[in-house]
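Only one structure is covered here, and it is reproduced in the block below.
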Amino acid sequence: MLRLGLCCVFKEHPVKFRKTTAKYLAQFPDEERKKRLSGLCANNAKSLLKALEFCRENKIGSFRINSQILPLKTHPEMGYDISELPDSDEIVNDFKSCGAFSQKYDIRTTFHPDQFVILSSPNPDVIRKSIQDLDYQAQVAEWVNADVINIHAGGVYGDKPSAVLRLMKTIDTLAEPVRKRLTLENDDRSYSPIDLLPVCAKLEIPMVYDVHHHRCLQDNLSVEEVTIESMKTWDREPLFHISSPKDGWGSSNPRKHHDYININDFPKEWLALDITVEVEAKAKELAIKKLMQDIKSL
DNA sequence: AGCGGTCAAGTTGAT
DNA sequence: ATCAACTTGACCGCT
């Protein structure tokens, strides 16, 4: 079965994830900061369960968890350990409830750390902070039973072979909770599937195939070929990404995402596969609903 | 109640 | 040299 995935937030369904800013928190004494952060984390854990319930009710098979589910978790000044929060027990229990729920109803959960997590950087401090962030997301992934932490390969720095070497070396140092979930996704600027497939094969890391990115940054491989080759990198259900260009393929910037998925952008050969396809469309759950209908009426 | 300005982080490429 | 884009809104603080 094909499983569609919702990314992070809702367009209409009233479930919200809360966050704060370091600047705002800075005005409060430490105890008050922890109290506020605790409240946000507790809210987000409960919101995650509601999000998963929505997925079950609407036959959405997968949910991507926002990187800020624990706000400012690894911030240099405002960062914290979960045990420092007044409601830490309740928070962890609520996340574990999410894990039990997703297992019971087979809702897959994933993480997609944002663009600041870069394992190919020549700057050791960037690497250090990236690993810190991955460790944090792996901690939550353990609670909620998420099986994917998906990142991009990062920058090129004028020398792609060297950047790829650094990427591979860094991945080798990762802790097991991160390593066993880590996946690499082709991006729309620097790393196409043909760059990543050998890396994924060598490190035995799955490749998340984003067909929209591939169409923006092409190599000499076809969609059919990359579909087959990336499938081979998975030891579990493969995860792919789909989106459509906001202003069409002829526009000056086709990288921008549309509110919905144009069914013509959905690779037909994916329809028969047992895969998860995360839907990167701004209309969120509405876009998934429409895509489900469009697929059905093919 | 509504709205504008702001928000941790890195890298690239368009202007 | 600056800035938007990247998975994207939510938040505060002003009116």
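Just the heavy atoms: all of them, side chains too, but no hydrogens, waters or symmetry mates, feed the values below. Just so it is clear: chains get the letters A, B, ... in the order the sequence lines come, proteins before strands, and each one is counted from 1.
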Listing request: all salt bridge (charged side-chain N to carboxylate O under 4.0 Å, His left out) pairs with a residue in [range], at least two apart in sequence or in separate chains.
{"range": "residues 91-110 of chain A", "answer": "Arg3(A)-Asp106(A), Lys46(A)-Asp94(A), Arg108(A)-Asp147(A)"}
{"range": "residues 207-221 of chain A", "answer": "none"}
{"range": "residues 17-26 of chain A", "answer": "none"}

Strand-adjacent residues in [range], judged by heavy atoms under 4.0 Å from DNA chain C:
{"range": "residues 14-34 of chain A", "value": "Lys16(A), Phe17(A), Arg18(A), Lys19(A), Tyr24(A)"}
{"range": "residues 109-119 of chain A", "value": "Asp114(A), Gln115(A)"}
{"range": "residues 137-175 of chain A", "value": "none"}
{"range": "residues 279-290 of chain A", "value": "Lys282(A)"}

Heavy-atom contacts under 4.0 Å between residues 37-49 of chain A and DNA chain B, which residues?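 DNA chain B contact set from residues 37-49 of chain A: none.
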
Whole-angstrom distance between dC12(C) and dT8(C), as gauged at atom P: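 Pairwise P distance, dC12(C) against dT8(C), rounds to 23 Å.
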
With C1' as the reference atom in both, quote the distance from dC6(C) to dA8(B) in angstrom, rounded to an integer.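 16 Å, rounded to whole Å.
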
Quick one: stems for DNA chain B, with Watson-Crick or G-U pairs under 3.5 Å, at least three in a row?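 Detected stem regions: B:1-7 with C:9-15, B:10-15 with C:1-6.
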
Between the protein and nucleotides 1-4 of chain C, are there any N/O to N/O pairs under 3.5 Å, and if so, what are the atom names and distances?
none

Run the side-chain hydrogen bond (donor to acceptor under 3.5 Å, both in side chains) test against Glu269(A) and tell me which residues pass, sequence neighbours left out.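 By the side-chain hydrogen bond (donor to acceptor under 3.5 Å, both in side chains) rule, Glu269(A) matches no residue at all.
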
Would you indicate what Gln68(A) reaches in the nucleic acid, counting non-hydrogen atoms under 4.0 angstrom: base, sugar-phosphate, or nothing?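 Here Gln68(A) touches the bases of the nucleic acid.
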
Need two values: the first and the last nucleotide of DNA chain B, 5' to 3', having an atom under 4.0 Å from any heavy-atom of chain A.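 Boundary nucleotides touching chain A, in 5' to 3' order, are dC7(B) to dG13(B).
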
